[in-house]
Amino acid sequence: MADDLTIQTGGKERGIVINDDWPGYSLELFNYPKHYSGDLECVYIPHGVIMDRTERLARNIMGDLGDHDIVVLCVLKAGYQFCADLVERIKALSRNSDHTLPMSVNFIRLKSYVNDQSTEDLHIVGAEDLSFLTGKNVLIVEAIVDTGKTMKTLLKHVEAFRPKMIKVAGLLVKRVPNSSGCLPDYVGFEIPNRFVVGYALDYNEYFRDLNVSFSLFKTDFNFSDVLHWVIIHRPDWLMGCLEHNPLTQMNSHWSIIIRSHSDFIMWAKSSIPPEKADIPEFCFKQLLQKRGIIIIFTISECYFDLKVWKYHHKKTGIYF
Ligand SMILES: O=P(O)(O)OC[C@H]1O[C@H](OP(=O)(O)OP(=O)(O)O)[C@H](O)[C@@H]1O
Ligand SMILES: Nc1nc2[nH]cnc2c(=O)[nH]1
């Protein structure tokens, strides 16, 4: 995978390539949990297609590694579903062919995403000591390779324990501009640069329980409504954003900018006196306590926070 690692790099397949203009399937055609209604855009890759592709990956892995012992290293949390399904299919092939692939399964947890953003803060949680991998054939099983940072870090970590061989199976690989260049040896699907959820892939821990696989997280909503709602119901959170935003120190005026993560500014007001800004007065009292405000929300940060809030308050009957 990475150039500096002793892993075979040649002849890698891109898997099933999903083009940028793929609209997905209408949600109306599938069953999905009621608690996610309104949150999803479409079904991007149906569960059955993932299962069929996984079966083929299992066959490719058996073909390459059959008769070697392997240690499967499942990357949690998102990798658990793919790993379970892949191992199940390798076991089935093992039962029904002349090749056999003795396997042990281990788990490692890496965490770097907050909302839909990769952070520099990558933690390896548990199984820091991987000395049981020394001299072994290792199959790393990962749900998604996006920026590739997780995989690069993990490979370095695993390499340090001197396994005999490392192969990587990744169900999804995203086409991203600044990819680390780490490509799995076995790829299920190459997908556009969109945020997908379901089949154990989460958004701040939501949607792991979504079985209609890989749906797109919905981001089309009315920004003014969202902003009003946040200001009214979450002034504390808003202030938190300000505290942590270095830009808040820069300007003696305030401005509120809402932008999508592709940097398209959807709604912006800058240096407007509060009484002309069409935002409830009490919010401005709070905002104006802090002079020099620039608030930058990304769509999903803002939207998801509302969702969390909505779910949080379901029991108390406050709805967005
Ligand atoms: O290629 P990258 O940009 O590094 O992203 C890929 C990683 O992101 C997700 O993990 P996350 O940090 O969200 O933790 P999780 O698996 O517990 O959801 C996913 O499971 C991958 O490990
Ligand atoms: N749920 C989810 N987690 C990710 N981690 C990296 N990319 C993604 C993605 O598209 N969806």
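In listed order, ligands and their atoms are each counted from 1.
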Less than 4.0 Å between a side-chain N and a carboxylate O, is that true for [Y] and [X]?
X	Y	value
R175	D20	yes
K156	E159	no
K152	E142	no
R56	E13	no

Considering the heavy atoms of [X], write down every atom of ligand 2 situated less than 4.0 Å from one of them.
X	result
D202	1 (N), 2 (C)
D146	6 (C), 7 (N), 8 (C)
R194	10 (O)

Numbered atoms and elements of ligand 1 in range of T150, under 4.0 angstrom, heavy atoms: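 Matching atoms, with element in brackets: 2 (P), 4 (O), 5 (O), 6 (C), 7 (C), 22 (O).
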Contacting atoms of ligand 1, where contact means under 4.0 angstrom from a heavy atom of D202: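 In order of numbering, the contacting atoms are 18 (O).
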Option with minimal heavy-atom separation from atom 20 (O) of ligand 1, where the choices are G148, A78, C182, A200: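 The option holding the nearest heavy atom is A78.
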Quick check on [X] - does any of its heavy atoms sit under 4.0 Å from an atom of ligand 1?
X	result
E142	yes
L76	yes
R208	yes
R109	yes

Can you tell me which portion of [X] lies within the under-4.0 Å heavy-atom range of ligand 2? Options are side chain, backbone, both, or neither.
X	value
K174	side chain
L201	both
V196	both

Worked verdict on L183 versus R14 for side chain to side chain contact (heavy atoms under 4.5 Å, CB included): CA-CA 9 Å; L183 282 179; R14 291 164 71 193; over 6 Å; no
Validation row, ring centre F207 to ring centre Y36 under 6.0 Å: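 Ring centres of Y36 and F207 closer than 6.0 Å.
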Stepwise side chain to side chain contact (heavy atoms under 4.5 Å, CB included) check, L130 with V138: CA-CA 11 Å; L130 300 179; V138 179; over 6 Å; no
ILVMFWY network linking V176 to I18, side-chain heavy atoms under 4.5 angstrom: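 No, V176 does not connect to I18 through the hydrophobic network.
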V87 with M51, same ILVMFWY side-chain cluster at under 4.5 Å: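 Yes, same cluster.
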Structural part of D146 in contact with ligand 1, heavy atom criterion under 4.0 angstrom: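 Both backbone and side chain.
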L110 contact mode with ligand 1 (heavy-atom cut-off under 4.0 Å):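 Contact part for L110 vs ligand 1: backbone (N, CA, C, O).
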From CD1 (I90) to CG (D85), nearest 0.5 Å: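 One gets 11.5 Å once the value is rounded to the nearest 0.5 Å.
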